[in-house]
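Numbers here are sequence positions counted from 1. In this text, all values refer to a predicted model and were calculated from it rather than measured experimentally.
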Amino acid sequence: MKIAVTGKGGVGKTTLSSTLARLYADEGRVVLAADVDPDANLGIALGLTEEDVESIVPIGRMKDLAKERTGANEYNTFLKLNPQVSDIPEKFAKEINGVKLLVMGTVEAGGTGCVCPEHIMIKSVISSLVLRKDDVVVMDMEAGLEHLGRGTASCMDQFIVVVEPGARSIQTYKDVKRLAADLGITNVNVVANKIRNEEDKKFIEDNIPKEHILGFMSYNEEVIDADRKGASPYDVSPKVVAEVKEIKSRIDQNNKGV
């Protein structure tokens, strides 16, 4: 199972990603959670302490390793675009509550589309993750899909956009759908978060095709408190766990073609 979770900032991508990862780990599955959003904090949502998170060096900052793997040096302007990275998760992932966390980070030099060693490493590691046949991979991504190439995207089982009941969030869903279509992906599903009442739910149902709605997550003070305390939503909110279990059930059914 390979899942990419995306959406605009603050909608609850990390809550969904971390809870899904913990639920799959509870089943005894090998789970890799990739923090691909520079503004996300998937580690804390999985149960790491702030000190643990601060000790993690993101892939995007491993300049020496990136130069070594891509063959970059002052004399060589030709970089390996498919460097060996299959050992990266085992070497650099941080394990917590049965989930192996890999932090991608961001490339500090150059533009977002730069062909630099660090950018190549990030894209290569992401591509390698989706090829791990027996593992569950959950990617907590930003709203853009720049790190996913056509080949990588075709290997994903689920593209999930987390939305909230508002016009801007719905627009983000449409934008992601368009970006995914450019990669050859037409099946983009939705999880609606911060649902307060039936009116919120109806707004989502009026704006998203029913067959693409995986489920709903309630507006939840326990999740807000968990964020303030630096705790995992999974550990403090039985309600969010129950709601994500239902969403996970639909994801699993979709994956089996049910």
Side-chain angles (χ1 to χ4, degrees), residues 2-6 9-10 12-26 28-70 72 83-110 112 114 116-130 132 135-142 146-147 222-237 240-241:
K2 309 296 181 288
I3 303 168
V5 180
T6 184
K13 299 188 303 290
T14 301
T15 297
L16 177 64
S17 299
S18 61
T19 307
L20 278 173
R22 294 279 302 267
L23 287 170
Y24 279 113
D26 285 350
R29 307 284 294 274
V30 177
V31 182
L32 268 161
D35 195 341
V36 192
D37 187 346
D39 295 324
N41 206 332
L42 186 56
I44 287 178
L46 287 169
L48 290 175
T49 65
E50 288 188 21
E51 291 77 13
D52 287 332
V53 170
E54 289 172 0
S55 71
I56 298 173
V57 179
I59 301 300
R61 293 185 187 170
M62 296 181 180
K63 296 182 181 294
D64 290 341
L65 181 65
K67 288 178 180 178
E68 174 194 328
R69 296 297 176 93
T70 61
Q84 169 61 33
V85 295
S86 60
D87 61 325
I88 297 296
E90 280 67 33
K91 284 186 176 179
F92 297 107
K94 187 91 170 181
E95 186 161 353
I96 179 70
N97 293 316
V99 178
K100 296 177 180 178
L101 170 68
L102 199 59
V103 178
M104 298 298 166
T106 186
V107 178
E108 296 176 352
T112 55
C114 71
C116 55
E118 296 89 348
H119 188 78
I120 291 171
M121 280 288 287
I122 290 174
K123 293 197 72 169
S124 297
V125 170
I126 290 173
S127 296
S128 74
L129 292 179
V130 302
R132 297 171 71 99
D135 300 349
V136 174
V137 177
V138 180
M139 297 185 187
D140 185 358
M141 309 191 70
E142 54 191 336
E146 66 177 66
H147 291 310
E222 291 176 327
V223 172
I224 296 170
D225 289 341
D227 187 41
R228 290 194 191 107
K229 296 173 183 176
S232 170
Y234 183 96
D235 293 326
V236 300
S237 179
V240 80
V241 172

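Of all heavy-atom pairs between Leu32 and Ala93, the closest is CD2-CB, 4.5 Å. The two residues Ala34 and Leu129 have their closest heavy-atom pair at CB-CD1, 3.9 Å. Between Ala45 and Pro233, the closest heavy-atom pair is O-CD, 3.5 Å. In plain terms, the two heavy atoms of Thr6 and Lys13 that are nearest each other are C-CD, 3.2 Å.
Ser18 contributes atom OG, which lies 10.5 Å from atom CG of Asn97 (distance to the nearest 0.5 angstrom). Note that CZ of Arg61 is 11.5 Å distant from CD of Glu118, once rounded to the nearest 0.5 Å. Atom-to-atom distance recorded for Met141:CE and Asp35:CG is 10.5 Å, nearest 0.5 angstrom. Interatomic distance, CG of Leu46 versus OG of Ser17, reported as 9.0 Å (0.5 Å rounding).
Partners of Ser55 according to the side-chain hydrogen bond (donor to acceptor under 3.5 Å, both in side chains) rule, which considers only residues two or more places apart in sequence or in another chain, do not exist here. Under the rule for a side-chain hydrogen bond (donor to acceptor under 3.5 Å, both in side chains), the partners of Arg132 that lie at least two apart in sequence or sit in another chain are Glu90, Asp135. Glu54 is linked by a salt bridge (charged side-chain N to carboxylate O under 4.0 Å, His left out) to nothing, counting only residues two or more places apart in sequence or in another chain. Legend: residues meeting side-chain hydrogen bond (donor to acceptor under 3.5 Å, both in side chains) with Glu222, ordered by chain and number and at least two apart, are Ser237. Partners of Val85 under the side-chain contact (heavy atoms from CB on, under 4.5 Å) rule, at least two apart in sequence or in another chain, are Pro83, Ile88, Met121, Ser124, Val125, Ser128. With sequence neighbours excluded, the residues satisfying side-chain contact (heavy atoms from CB on, under 4.5 Å) with Ser232 are Arg22, Tyr234, Asp235. Residues passing the side-chain contact (heavy atoms from CB on, under 4.5 Å) test with Lys123 are His119, His147, sequence neighbours excluded. With sequence neighbours left out, the salt bridge (charged side-chain N to carboxylate O under 4.0 Å, His left out) criterion links Asp26 to no other residue. Take Asp64 and apply the salt bridge (charged side-chain N to carboxylate O under 4.0 Å, His left out) test, not counting sequence neighbours, and it matches no residue. For the side-chain hydrogen bond (donor to acceptor under 3.5 Å, both in side chains) test, no residue two or more places apart in sequence or in another chain qualifies with Glu68. Partners of Ile56 by side-chain contact (heavy atoms from CB on, under 4.5 Å), not counting sequence neighbours, listed by chain and number: Leu48, Lys94, Leu101, Val103.
With a 4.5 Å cut-off on side-chain heavy atoms, Ile122 and Ile120 do not count as touching.
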Report, one line per pair, each donor and acceptor closer than 3.5 Å where one atom sits in a side chain of residues 223-230; sequence neighbours left out.
from	atom 1	to	atom 2	distance (Å)
Asp225	OD1	Arg228	NH1	2.7

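The backbone N or O of Asp37 lies less than 3.5 Å from no partner atom in the side chain of Asp140, so there is not a single donor-acceptor pair.
Between Leu16 and the options Val5, Val240, Ile3, a side-chain contact (heavy atoms from CB on, under 4.5 Å) holds for only Val5.
More than 12 heavy-atom neighbours from other residues, nucleotides or ligands sit within 6.0 angstrom of CD on Glu95.
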Residues Val241, Leu23; criterion side chain to side chain contact (heavy atoms under 4.5 Å, CB included); working and verdict: CA-CA 8 Å; Val241 172; Leu23 287 170; 4.1 Å; yes

